[in-house]
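Residue numbering restarts at 1 for every chain, and letters A, B, ... go by the order of the sequence lines.
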Amino acid sequence: MVFPGTNCERDVAHALRLLGHDTELVFHRHTDLSRYEAVILPGGFAHGDYLRTGAIARFSPVMTAVAEMAAAGKPVVGICNGFQVLCEAGLLPGALVANRDLAFICRPIHVRVENTTSVLTAGAELGQVLQIPLNSYEGNYVADTATLDALESGGRILLRYCDDSGGVTAAANPNGSARNIAAVANAAGNVAGLMPHPERAVESILGSTDGIPLLASIAAFAPLIGSPS
Amino acid sequence: MTAATEPAHRQLGMTDDEYQLVLDVLGRSPQPAELAMYSVMWSEHCSYKSSRAHLGRLPSEAPWVVVGPGENAGVVDLGDGWLAALRIESHNHPSFVEPYQGAATGVGGILRDIFTMGARPIAVWDPLRFGELDDARNRYLLKGVVAGIAGYGNAVGVPTLGGEIEFADRYASNPLVNVMALGILEREQLVLSAASGVGNVAILLGAATGRDGIGGASILASASFDEESGAKRPSVQIGDPFEEKKLIEACLELYDRGLVVGIQDLGAAGISCATSECAAAGGMGMDVDLDAVPVREADMTAGEILMSESQERMLAIVEPSAVDEVMAVAAKWEVAANPIGTVTDGGRLRVHQGGELVADVPAASLSDDAPEYRRPSSRPDYLDELWAAGLDVAPPADAGSILLQLLDDPALGDRSWIYQQYDHQLFLNTVVEPGHDGSLLRIKGTTKGLAVSTDGHGRRCYLDPRRATARLVMEGALNVAVAGTRPYAVVDNLNFGNPEKPEVMWQFIETVAGMAQACELLQIPVIGGNVSFYNETDGVDIYPTPVVGMLGFADPMPTEPPRLDRATAGMEIWLIGPRGEIDYAASAYARIVEDRLDGRPAAIDPIVGPEVIVTATRLAHRLPVMHDVSAGGLAVALAEIALASGVGFIVAGLGWDELWDESPHRFVALCAPEALPPLNVPATRLGVMGGDTLYFGEHGSVGLAVALETWRNALPRRL
Amino acid sequence: MKLRIDIRRKDGLADPEGVTTHRALQELGYTAVTAAHFGRTIYLEMEGDDHAAALAEVEVMCHQLLANPVIEDFEIEVVS
Amino acid sequence: MKLRIDIRRKDGLADPEGVTTHRALQELGYTAVTAAHFGRTIYLEMEGDDHAAALAEVEVMCHQLLANPVIEDFEIEVVS
Ligand SMILES: Nc1ncnc2c1ncn2[C@@H]1O[C@H](COP(=O)(O)OP(=O)(O)O)[C@@H](O)[C@H]1O
Ligand SMILES: [Mg+2]
């Protein structure tokens with residue numbers, strides 16, 4: 001999915017291609033996604049993040065089709081800015097606000113896998129600790145207590161920020177996210193959003209391959225990802 | 001005389017002689033809009049009138065140079081149809097007026113220089129200089145500039161892969177914000193600025209034109225700062241990374257579809273510059289209709305529209321038959337596109353507004369007829385005294401505590417506070433990220449790699465501009481060599497004081513000589529650069545501060561390039577390069593421990609220097625850790641390896657002065673026992689990695705943990 | 001007609017700008033300040049002069065786009 | 001005592017955020033909107049009840065930290 005201002009689209013396509021999947025970049029003015037098995041909203045600064053991050057992108061023509069795919073149970077994953085768009089669109093609960101320290105953060109962080117039934121984590125192991133780059137200014141996940149409790153009880157928190165040995169501590173929370181949340185899903189588990197960038201962790205020459213289980217999960221959820229149905 | 005009563009040309013920063021020159025060119029007195037155009041185009045910033053005569057000495061040719069100095073960016077050939085474009089620019093004065101926006105628009109401007117050539121910008125570097133951090137104003141400037149680079153660079157979607165930072169009082173009222181950008185393209189995508197073809201249409205792409213930085217280039221960058229600057233201050237330009245991002249994608253699609261004949265970015269001097277340079281470069285003229293320019297503010301005069309430096313604008317020259325398709329591509333990317341001119345023969349630039357002919361000048365005269373000065377130069381008197389003084393032997397003390405003192409310096413400590421605010425991974429090219437010597441990028445789908453380093457040293461250049469600049473080139477070359485690449489091309493940003501002072505002019509000429517000498521030795525072409533004069537406030541000039549941007553190229557690139565964090569216990573530590581020479585002039589030791597700036601820096605060694613660099617490039621394809629010895633000397637170089645890898649070391653047999661000495665042409669290499677191949681440059685085995693102590697034999701030691709703590713907090717604790 | 005929309009983070013949700021600003025003011029010695037909160041203001045210029053209608057329309061704009069009801073409250077007023 | 005600081009970018013300076021939001025409103029069919037501009041609001045809670053003194057102190061805070069006088073204008077008012 002490419003909105004004006006999106007900038008991680010080629011990276012995501014590159015990573016999925018390495019994992020053996022076909023991908024196509026779809027411009028935000030398209031309205032028909034019927035030929036796709038899964039859709040990923042990559043990171044970047046859709047519409048400059050002006051007004052509110054994700055606020056304007058959410059009204060792009062393509063978002064109706066994205067909502068339909070979500071409702072149809074097909075994989076819909078938002079990475080970073082894509083996560084923000086899905087929240088604005090109401091496809092995921094909560095919102096993302098400025099980092100606790102009001103500074104952009106670009107560095108590898110650790111996350112712990114909290115659920116293994118979602119589109120994003122089906123291929124990962126419970127409790128698995130992954131090292132994946134974070135790259136955001138508005139990565140601070142907020143939601144009211146009721147929503148957070150519902151996410152907890154529904155097992156819809158997919159990843160939490162942790163230290164390198166898996167400890168979910170305040171010190172390991174890079175941006176102040178509520179309950180160290182780094183990724184959440186909808187009730188059905190087919191729509192997920194995450195702040196870190198798995199596509200930046202699929203080649204050892206770039207420092208980590210821990211993003212593979214997450215991206216592979218999407219494929220597992222949608223065997224024919226990308227290829228015409 | 002107050003500004004109000006000054007004649008118009010002087011208010012625009014033009015001398016009486018220059019005004020006379022305009023009269024001669026036109027054979028009549030200029031209309032207001034014409035005067036505005038000449039005043040900007042003939043400003044120091046746009047015309048290089050004080051520097052042009054000297055820059056010619058820089059070597060700019062090599063078989064792999066595709067586009068040399070003169071165009072928006074230099075372009076080199078990487079083989080198999082791949083090209084790289086590189087350019088560096090300064091945004092010093094705007095960043096002092098408003099740090100966030102000044103730095104942000106600096107990034108925007110340098111990126112346009114790159115994609116104007118047809119290249120996709122893939123990385124940015126930011127060499128920075130500020131006053132000492134104990135002053136709140138300097139902290140504010142540093143934070144603002146870093147936030148501005150992050151805010152614009154991250155949002156526009158181009159990673160920032162490094163830079164450098166220096167602190168000195170000389171920069172307190174005149175911080176230096178330089179930005180360098182790299183782009184890659186395939187040969188057929190290369191576009192130049194020339195506007196050929198009578199009847200071709202000039203289309204203005206991007207943001208609306210406002211009263212941004214009116215006279216910014218001519219006044220801000222071409223005059224010194226003083227009390228009046230408040231009055232002179234042009235309205236601040238606000239960066240719009242989103243507009244720029246759309247502009248990048250729109251322009252790259254225009255190139256892919258082969259829709260543009262020529263293109264030019266609008267930077268300093270805005271429409272005046274773009275239209276006249278496009279026309280002149282093609283030996284043509286142009287008719288321009290200012291009524292077709294979308295403006296942000298009502299009732300802007302012709303002069304204001306022509307001089308405006310509003311950001312995120314490009315001027316594309318297209319054939320009439322292609323106009324519709326160009327408009328469609330622009331619309332797809334939500335970029336405003338307005339035909340504002342037509343290419344004509346006869347070489348005149350004719351500008352209309354409201355049916356009036358507000359300007360009618362020979363297009364080429366704006367660039368070609370600009371005055372050229374050979375300003376007087378004389379060697380500063382202060383040098384004799386400084387050279388005579390100088391530290392040659394440091395009083396022995398405990399190496400551990402001295403090292404901690406150095407690691408606590410904000411310019412030597414951990415700089416991740418800066419580069420972790422920058423996206424430095426986008427595009428999945430970054431193999432060696434900021435925090436090492438040169439950053440290393442891969443070109444996906446090939447075996448090619450590019451390493452880049454930026455290096456400057458204002459204090460050393462103050463002591464001996466010629467020697468120090470030659471050493472900057474050598475250091476940059478060594479930085480890209482230890483990343484496994486061969487020094488391939490240089491861009492330079494020459495930041496100097498007031499060129500009307502003979503001492504400053506001397507510093508400038510010496511700098512150019514030193515750069516020419518080293519580049520010739522290494523056979524590296526200088527493919528572009530930027531000169532920033534008048535970095536002077538209330539009569540105080542900055543240190544002469546050339547910044548060298550070095551591009552290294554390798555094919556194949558190392559599969560496992562050296563990194564500072566790949567050291568493990570048991571590895572042997574070697575010093576590669578000459579020993580014995582001790583150089584404390586402008587060293588970190590002299591500055592931090594002795595608080596002095598004197599002595600004469602060592603000259604480069606024309607034989608050993610290049611050999612060490614060749615050796616480094618070769619070794620980098622087989623050794624796990626290599627690090628050049630620069631600021632802080634051997635002790636700091638070793639410490640940086642230990643800190644990055646979390647392993648201590650034991651070295652012995654070094655003289656006390658060898659720990660801090662900063663003489664050139666040396667790097668540290670780590671390898672498995674007995675694994676160092678035979679070399680044809682001097683190599684000394686210093687010791688081994690291991691333990692959790694940085695142990696300097698009889699000179700003392702310090703624990704890894706405390707060293708790490710100190711180094712990590714050096715910068716943040718001061719902010 | 002000019003309208004002004006005041007948008008504030010709902011109470012109880014993180015307000016990093018407010019917290020950081022408060023801390024900075026403390027460090028600068030402005031100890032009388034006990035709390036700081038951030039808001040955004042959007043000024044709209046609109047055709048027509050039917051205030052009631054405009055207020056109603058802007059209310060819709062806020063729900064739909066200008067504010068995020070999940071985390072923000074807003075107030076609209078006609079300023080001229 | 002509660003104070004409100006309204007911070008606006010100086011007239012004449014570009015306001016990309018306003019322009020982009022205006023375009024979005026157009027696309028959503030709110031054609032009556034002819035322009036959108038952005039501002040920031042900072043709400044301060046302060047001890048004491050001397051309005052004049054508070055206003056004076058906040059004025060200083062604005063110049064020093066809260067606003068950027070180079071590109072922004074600000075207005076301070078006591079709201080309670
Ligand atoms: N202003 C800056 N922005 C981004 N990275 C920086 C900056 N200053 C320094 N760095 C990074 O910190 C590392 C060390 O810088 P420096 O000591 O100048 O390198 P060297 O001495 O090898 O030239 C480099 O990777 C450099 O890119
Ligand atoms: Mg180095």
Side-chain angles (χ1 to χ4, degrees), chain A residues 46-47 49-60 63-64 83-105 136-151 161 170 173-181 184 186 193 195, chain C residues 1-30 33-46 54-79:
Chain A
H47 297 273
D49 270 359
Y50 294 149
L51 181 57
R52 276 185 324 280
T53 166
I56 298 176
R58 146 197 181 194
F59 291 103
S60 286
M63 288 306 290
T64 316
F83 184 8
Q84 296 158 339
V85 174
L86 292 176
C87 289
E88 278 284 337
L91 294 172
L92 288 173
L96 292 134
V97 301
N99 293 339
R100 180 188 51 223
D101 301 331
L102 297 187
F104 192 95
I105 299 174
S136 50
Y137 183 87
E138 274 143 330
N140 184 348
Y141 185 79
V142 298
D144 57 43
T145 314
T147 308
L148 292 171
D149 292 342
L151 287 172
Y161 299 109
N173 185 338
N175 50 25
S177 292
R179 306 187 191 184
N180 284 46
I181 292 174
V184 299
N186 65 344
M195 254 304 133
Chain C
M1 173 171 38
K2 277 202 165 76
L3 293 93
R4 161 195 172 114
I5 308 160
D6 276 305
I7 302 171
R8 280 189 68 167
R9 181 83 33 92
K10 279 185 161 51
D11 296 338
L13 291 180
D15 175 14
E17 287 97 341
V19 172
T20 309
T21 304
H22 183 222
R23 195 186 316 119
L25 288 170
Q26 296 293 323
E27 284 168 7
L28 289 172
Y30 297 107
V33 179
T34 55
H37 297 285
F38 265 60
R40 293 180 300 121
T41 322
I42 303 175
Y43 302 85
L44 295 183
E45 289 168 27
M46 291 180 73
L55 286 170
E57 187 174 19
V58 173
E59 169 106 26
V60 182
M61 294 182 205
C62 287
H63 281 291
Q64 192 182 358
L65 172 72
L66 300 179
N68 178 353
V70 176
I71 54 169
E72 296 172 326
D73 299 323
F74 60 86
E75 279 172 30
I76 311 165
E77 80 188 277
V78 177
V79 287

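The candidate from A98(A), A55(A), G90(A), G176(A) with the greatest count of non-hydrogen atom pairs under 4.5 Å with chain C is A98(A). Note on T20(C), L66(C), D15(C): by heavy-atom pairs under 4.5 Å with chain A, the leading option is L66(C).
For E72(C), the part lying under 4.5 angstrom from a heavy atom of chain A is the side chain only. Looking at I7(C), there are no atoms closer than 4.5 Å to chain A (heavy atoms on both sides), in backbone or side chain. Looking at A143(A), the atoms closer than 4.5 Å to chain C (heavy atoms on both sides) all sit in the backbone: N, CA, C or O.
Under a cut-off of 6.0 angstrom, the local environment of NZ in K10(C) is crowded, with over 12 non-hydrogen atoms contributed by other residues, nucleotides or ligands. When the shell of 6.0 Å around CD of E75(C) is examined, it contains 12 or fewer heavy atoms from other residues, nucleotides or ligands.
N99(A) and P16(C) make their closest contact through O-CB, 3.7 Å (heavy atoms, listed as atom of the first residue, atom of the second, distance).
Between R40(C) and L51(A), some side-chain heavy-atom pair lies under the 4.5 Å cut-off. You'll find the side chain of V142(A) stays beyond 4.5 Å of the side chain of R9(C), heavy atoms only.
Annotation: the span from N68(C) atom CG to L96(A) atom CG amounts to 10.0 Å, rounded to 0.5 Å.
In terms of modelled atom types and a separation under 3.5 Å, the side chain of R52(A) and the main chain of L65(C) share a donor-acceptor contact.
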